[in-house]
Undergrad: 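Would you mind keeping the following structure in view while I ask a few things?
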Amino acid sequence: MPGKMTELEHYINQQRTEPDHYTPVFYRLQHEEQYAGLLALLANHPHIRVYDEIYSQLRELMKIRNPTQRLTEEESEQKIREYVGTTPIHAFGVWVYYPWSHRVVHIVDEKDFIELRTSRNKQKITDEETALLSSKKVGIIGLSVGQSIALTLAMERVCGELRLTDFDKVELTNMNRIRTGIHSIQVHKVVIAAREIAELDPFLKVVIYKEGATEENLDDFFTKDGNIDILVEECDGIDIKILSRMKAKALGIPVVMDTNDRGMVDVERFDLEPERPLLHGFIPDIDLKSLRGLTDAEKLPIFRPMVALDDMSERMKYSLGQIGKTITTWPQLASSVVLGGAVVTDTCRRILLDQFKSSGRYYVDFEQILV
């Protein structure tokens, strides 16, 4: 038995040294060197699974481009042949390799892919709006509540770039609200989110900061390769909660925050109101350095006006009084987190499309709506 355990430990330790890949690799087979690269990859890693459903994508593409016709199978095949032309079907589009899941997937290339993937957004989001949104950048600080927001933004393709920052790794206790598998325990939250987005849409740019948001990297997070257009702030650290708003205000960037109770969302339009006080004036005048390293219980008096603790649901108020007694931190429910993803995504889209211009504190409270 000891020998067998040593052998098992070898495989366990080998797994722990694997890198945190989150960026897919593209192979366009019309380029000979990339064709050779894909063949070498598959030859050297025979466990990689290959998925080739390019024809179903092309059939769907022909269908959405001919909405007034009911194409027969023969008509669809003819249009596909005309569209593909002389390119061999295996070399059409792009092959995407996901190193973390050992998969290679054959898909249509970027322009066709985006057209297909956003086709059922029409006409709630027009082609012109889709093109505009693809130029936008959204930054998210905090990937517990922020994971649902990031994935919903990606699914709806509300932006062309997401910047994600969180220092934390997933624990089993996080999985009451973070959508992932048990194989992701002790993987960085930002890596998990970036991987899921890449598997949904490999052309959507994702930049991650595994060290979390810090005084040292906030300038980079906000401005590298162009300013973000919206900050979604979902972190627990009061110092970063305040400091990130100071940066956003200085740069004229709007801030959106979901508080995960009663569907409360804060919107601060620093782009339209440059003199607006931080978080509607609820942030106390306090030395930021004194806020570092506080326990959740020690944060509560400072958090109270910032996140409207006195107006929270009765169960949340009771729970906050139990921190350090029967629970270790404030509770969060998956239903509230998913709601936050929906509300923040809708708000961000309308801000980016210049359809929503207000600041304020808003509620989507199910207990008040469904009574």
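Residue numbers start at 1 and run along the sequence shown. Bear in mind that the values here come from a model prediction, so they are computed numbers and not experimental data.
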Undergrad: Between the main-chain N or O of Arg315 and the side-chain N or O of Ser319, is there a donor-acceptor pair closer than 3.5 Å?
TA: yes

Undergrad: Under 4.5 Å between side-chain heavy atoms, hopping through other hydrophobics if needed: is there a path connecting Ile197 to Val344?
TA: yes

Undergrad: If you define the side chain from C-beta out and look only at heavy atoms, does anything of Asn227 sit under 4.5 Å from Phe222?
TA: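 Heavy-atom side-chain distance check fails, nothing below 4.5 Å.
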
Undergrad: Is it possible for you to check whether Arg28 lies under 6.0 Å from the centre of the six-membered ring of Phe26, through NZ or CZ, and within 45° of that ring's axis?
TA: yes

Undergrad: Is there a path of hydrophobic side-chain contacts, each under 4.5 Å between heavy atoms of I, L, V, M, F, W or Y residues, that connects Met312 with Val364?
TA: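 Unlinked, Met312 and Val364 end up in two clusters.
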
Undergrad: Tell me whether Asp229 is salt-bridged to Lys137, with the criterion being a basic N under 4.0 Å from an acidic carboxylate O.
TA: no

Undergrad: Tell me if a side-chain donor or acceptor on Thr259 pairs with a main-chain N or O of Asp261 at a distance below 3.5 Å.
TA: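 No, the answer is negative, given that no donor and acceptor are paired below the 3.5 Å cut-off.
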
Undergrad: Once rounded to the nearest 0.5 Å, what's the spacing between atom SG of Cys235 and atom CE of Met257?
TA: 9.5 Å

Undergrad: Can you tell me if CZ on Arg81 sees more than 12 non-hydrogen neighbours from other groups inside 6.0 Å?
TA: yes

Undergrad: Shortest non-hydrogen contact from Val104 to Ile48?
TA: CG2-CG2, 3.7 Å

Undergrad: Mind running side-chain contact (heavy atoms from CB on, under 4.5 Å) on Arg117 and Leu200 for me, showing each step along the way?
TA: CA-CA 9 Å; Arg117 208 177 72 73; Leu200 169 73; 3.9 Å; yes

Undergrad: Please check if atom CD in Gln355 has more than 12 non-hydrogen atoms from other residues, nucleotides or ligands closer than 6.0 Å.
TA: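 Correct, the count exceeds 12.
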
Undergrad: Could you tell me which non-hydrogen atom of Thr165 sits nearest to which non-hydrogen atom of Ala213, and how far apart they are?
TA: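 For Thr165 versus Ala213, the nearest heavy atoms are OG1-N, 2.8 Å.
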
Undergrad: Any chance you could measure Leu143, atom CG, to Ile178, atom CD1, to the nearest 0.5 Å?
TA: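 It comes to 7.5 Å.
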
Undergrad: Quick one: closest heavy-atom pair of Leu132 and Leu352, and the distance?
TA: CD2-O, 4.2 Å

Undergrad: Yes or no on side-chain contact (heavy atoms from CB on, under 4.5 Å) for Leu58 and Ile89, after CA distance, side-chain angles and deciding distance?
TA: CA-CA 10 Å; Leu58 289 169; Ile89 194 65; 3.7 Å; yes

Undergrad: Using side-chain heavy atoms (C-beta onward) and a distance below 4.5 Å, is Val207 in contact with Leu162?
TA: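 The answer is no, as the side chains (C-beta and beyond) never meet within the 4.5 Å cut-off.
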
Undergrad: Just by modelled atom types, is the Leu153 backbone N or O under 3.5 Å from a matching donor or acceptor in the Arg157 side chain?
TA: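 No, Arg157 side chain to Leu153 backbone: no donor-acceptor pair under 3.5 Å.
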
Undergrad: Return yes when atom CD of Glu82 has more than 12 non-hydrogen atoms of other residues, nucleotides or ligands closer than 6.0 Å, and no otherwise.
TA: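 Check passes, neighbour count above 12.
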
Undergrad: To the nearest 0.5 Å, tell me how far Asn121 CG sits from Leu133 CG.
TA: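 Those atoms lie 9.5 Å apart.
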
Undergrad: Does Arg262 qualify as a cation-pi partner of Tyr363, given the criterion of NZ or CZ under 6.0 Å from the six-membered ring centre and within 45 degrees of its axis?
TA: yes

Undergrad: So do the side chains of Leu333 and Arg177 get within less than 4.5 Å of each other, counting heavy atoms only?
TA: no

Undergrad: Do NZ/NE/NH1/NH2 and the carboxylate oxygens of Glu314 and Lys317 come within less than 4.0 Å?
TA: yes

Undergrad: Is it possible for you to say whether Ile149 and Leu231 belong to one hydrophobic cluster, with membership spreading through side-chain heavy-atom contacts below 4.5 Å?
TA: no

Undergrad: So do the side chains of Tyr362 and Met264 get within less than 4.5 Å of each other, counting heavy atoms only?
TA: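 Not in contact.
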
Undergrad: Could you give me the CA-CA distance, side-chain angles and deciding distance for Ser313 and Glu367, then say whether side-chain hydrogen bond (donor to acceptor under 3.5 Å, both in side chains) is met?
TA: CA-CA 9 Å; Ser313 64; Glu367 292 186 14; 5.6 Å; no

Undergrad: Do Val105 and Val206 share a hydrophobic cluster (ILVMFWY, side-chain heavy atoms under 4.5 Å, transitive)?
TA: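 Different hydrophobic clusters.
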
Undergrad: Within the structure provided, determine whether Ile238 and Met306 are in side-chain contact (heavy-atom separation under 4.5 Å).
TA: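 SC-SC contact between Ile238 and Met306 confirmed.
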
Undergrad: Test of understanding: with ring-ring contact (aromatic ring centres under 6.0 Å, His included), list the residues that count as partners of Tyr27, not counting sequence neighbours.
TA: none

Undergrad: If you compare all heavy atoms of Phe167 against all heavy atoms of Glu211, which two are closest, and at what distance to 0.1 Å?
TA: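 For Phe167 versus Glu211, the nearest heavy atoms are CB-O, 3.5 Å.
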
Undergrad: Arg276 and Glu268: salt bridge (Lys or Arg N to Asp or Glu O under 4.0 Å), yes or no, with the steps?
TA: CA-CA 8 Å; Arg276 185 174 183 82; Glu268 299 163 84; 5.7 Å; no

Undergrad: Taking all heavy atoms of Pro24 and all of Val96, pick out the closest pair and write down the distance.
TA: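 Residues Pro24 and Val96, closest heavy atoms: CB-CG1, 3.6 Å.
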
Undergrad: Any side-chain to backbone donor/acceptor pair from Asn66 onto Met62? Under 3.5 Å, distance only.
TA: yes

Undergrad: Hey, is Arg349 close enough to Glu156 for a salt bridge, meaning N to O under 4.0 Å?
TA: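 Salt bridge between Arg349 and Glu156, a charged N being under 4.0 Å from a carboxylate O: yes.
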
Undergrad: Thr223 side chain to Gly226 main-chain N or O, any donor-acceptor pair under 3.5 Å?
TA: no

Undergrad: So does Thr126 get a backbone contact from the side chain of Glu129, meaning a donor-acceptor N/O pair under 3.5 Å?
TA: yes

Undergrad: Nearest 0.5 angstrom please: Lys79 NZ to Arg59 CZ, how far?
TA: 15.5 Å

Undergrad: Compare all side-chain heavy atoms of Val50 with those of Leu42 and state whether any distance is below 4.5 angstrom.
TA: yes

Undergrad: Strictly distance-based, threshold 3.5 Å: is any side-chain N or O of Lys325 a donor or acceptor partner for the main-chain N or O of Gly321?
TA: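 Yes; at least one donor-acceptor contact below 3.5 Å.
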
Undergrad: State, yes or no, whether a side-chain contact exists between Val232 and Glu234 at a heavy-atom distance under 4.5 Å.
TA: yes

Undergrad: Has the side chain of Gln147 got a donor or acceptor atom that lies under 3.5 Å from a matching backbone atom of Ala193?
TA: no

Undergrad: Step by step, work out the side-chain contact (heavy atoms from CB on, under 4.5 Å) result for Thr72 and Gln78.
TA: CA-CA 10 Å; Thr72 66; Gln78 177 61 29; over 6 Å; no

Undergrad: Using side-chain heavy atoms (C-beta onward) and a distance below 4.5 Å, is Ile80 in contact with Tyr55?
TA: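 The answer is yes, as the side chains (C-beta and beyond) meet within the 4.5 Å cut-off.
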
Undergrad: Shortest non-hydrogen contact from Lys189 to Ser144?
TA: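 Minimum heavy-atom contact is NZ-OG, 2.8 Å.
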
Undergrad: Using a 3.5 Å distance criterion without hydrogens, assess whether the side chain of Ser148 forms a donor-acceptor pair with backbone atoms of Val145.
TA: no

Undergrad: Using ring-ring contact (aromatic ring centres under 6.0 Å, His included) as the criterion, point out the one residue from Phe113, Trp95, Tyr97, Tyr51 that pairs with His106.
TA: Trp95

Undergrad: Given 3.5 Å as the limit, does a donor-acceptor pair link the side chain of Thr347 with the main chain of Val343, or not?
TA: yes

Undergrad: When rounded to the nearest 0.5 angstrom, what distance separates CZ in Phe203 from OG in Ser134?
TA: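 Result: 13.5 Å between the selected atoms.
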
Undergrad: Verify the distance criterion only: is there a donor paired with an acceptor across the side chains of His280 and Asp266 at less than 3.5 Å?
TA: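 Yes, Asp266 and His280 have a side-chain donor paired with an acceptor closer than 3.5 Å.
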
Undergrad: Would you say the rings of Trp100 and His21 are close, in the sense that their centroids are separated by under 6.0 Å?
TA: no

Undergrad: Does NZ or CZ of Arg65 come closer than 6.0 Å to the centre of the six-membered ring of Tyr83, within 45° of the ring's axis?
TA: yes

Undergrad: So Arg163 and Glu161, salt bridge (Lys or Arg N to Asp or Glu O under 4.0 Å) or not? Walk me through it.
TA: CA-CA 7 Å; Arg163 299 180 192 172; Glu161 179 180 332; 2.7 Å; yes

Undergrad: May I ask you to say whether Lys169 pairs ionically with Glu171, meaning some side-chain N is under 4.0 Å from a carboxylate O?
TA: no

Undergrad: Is it true that Val170 and Ile140 fall in one hydrophobic cluster, defined by side-chain heavy atoms closer than 4.5 Å?
TA: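 Cluster IDs for Val170 and Ile140 match.
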
Undergrad: Using a 6.0 Å cut-off, check whether atom CD1 of Ile182 has over 12 heavy atoms from anything other than its own residue.
TA: no

Undergrad: In terms of heavy-atom contacts, does CD of Glu33 have more than 12 from other residues, nucleotides or ligands at under 6.0 Å?
TA: yes

Undergrad: Which value, rounded to the nearest 0.5 Å, describes the distance between His183 atom NE2 and Ser101 atom OG?
TA: 9.0 Å

